[in-house]
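Start at 1 and go down the list; that is how both ligands and their atoms are numbered. Note that the coordinates shown come from a computational prediction; the quantities given were computed from them, not determined experimentally.
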Amino acid sequence: MTAVHSPTAADSGASASANFRSTARTSVDVPPERVSTVVTAVLQAVHSVIRSHDVTYPEFQAAKQWLMDLGEGGEWPLFLDVFVEHVVEEVAARTQDGTKGSILGPYYLPGQVALPAVSALPMRADEQGEALTFSGRVTDLAGQPLAGAELDIWHADSEGYYSGFAPGIPDGNLRGVVVTDEDGRFEITTVQPAPYQIPTDGPTGRLIDAAGWHPWRPAHLHLIVRAPGHRPITTQLYFAGGEYVDSDVAEAVKPELVLTPAGRRVSYDFVLEPA
Ligand code: MBD
Ligand code: FE
């Protein structure tokens, strides 16, 4: 093998599927009435599309083949998080106060290194990209600082790749759990992430291409912010003026989550509601 590897859909799709399977999740016991109601509604929506768009046998068989490819390529997490999760988040947000949430996406990895309030994220000695300083404060709804709150942060590198999901990037790169100081403050040094491109060589990328859409998410920081006694918030932050901020393929941008950079610095204050 040569020293240069470019991530493929097969790498990142399979890693995202394995990651999802191994992630602890709240188990749900869905009663039969609920299963029937929701699944019936999904099937009716599909039936209705077939009728109103005169979907043909060759199109039905092509869809079947594509769905099989999606599973075999390990891209169900990627596909669902890009095209469906934003609506699940929208429904969850109906009962959520404080900082706006956004989708988790397929590339969260729990258990990253804990870091003091003023820290640099783990990065390569030759990490490429412009420096970025991200500072702010975590408070409760009344504006009281939350000391010891955790900012679990992860983001893509200057080429748009995530550690753990692309070859050649050290484990834990550009990931960390930053703990706020007595005043609820933090200041994180990292590098400016690039926009993220859905891998074009897998089934999700082929669908995007076949439909004539673009495969890009705007540059973003992912965060889960937690504090004892408070409801954790999963969100993302974007950069004003950045490419694709107005056309995110995953439809996960909210105006409240767009940072306005001042030079190489950005800041954001998080507000958590009681648990
Ligand atoms: C990402 O980086 C991401 O954040 C989402 C939601 C989907 C695919 C890639
Ligand atoms: Fe992302």
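With salt bridges taken as basic N to acidic carboxylate O contacts below 4.0 Å, one links K254 and E89.
Taking the six-membered ring where tryptophan is involved, the planes of H220 and Y162 are tilted, since the angle between them lies from 30° to 60°. In this pair, F79 and F83 present their aromatic rings tilted. The plane angle is within the 30 to 60° band. Ring pair Y244/H214 is tilted by interplanar angle, where 30° to 60° counts as tilted.
Residue R217 is tested with Q236, Q197, E251 for a side chain to side chain donor-acceptor pair (under 3.5 Å); the sole match is Q236.
At a cut-off of 3.5 Å, with distance as the only test, no side-chain donor of D81 or Y107 sits close to an acceptor on the other residue.
For the Fe ion (ligand 2), protein N, O or S atoms closer than 2.8 Å were enumerated as Y162 OH, H220 NE2, H222 NE2, with waters left out.
Heavy atoms from other residues, nucleotides or ligands lying under 6.0 Å from CZ of R51 number 12 at most.
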Enumerate, one pair per line, all nitrogen or oxygen atoms of ligand 1 lying under 3.5 Å from a protein nitrogen or oxygen, stating the separation to 0.1 Å; write 'none' if no such pair exists.
from, atom 1, to, atom 2, distance (Å)
ligand 1, 2 (O), Y162, OH, 2.9
ligand 1, 2 (O), H220, NE2, 3.4
ligand 1, 4 (O), R217, NH1, 2.8
ligand 1, 4 (O), H220, NE2, 3.2
ligand 1, 4 (O), H222, NE2, 2.9

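The cationic atom of R25 (NZ for Lys, CZ for Arg) lies less than 6.0 Å from the six-membered ring centre of F20 and within 45° of the ring axis.
Closest approach of A250 to I103, counting heavy atoms only: CB-CD1, 4.0 Å.
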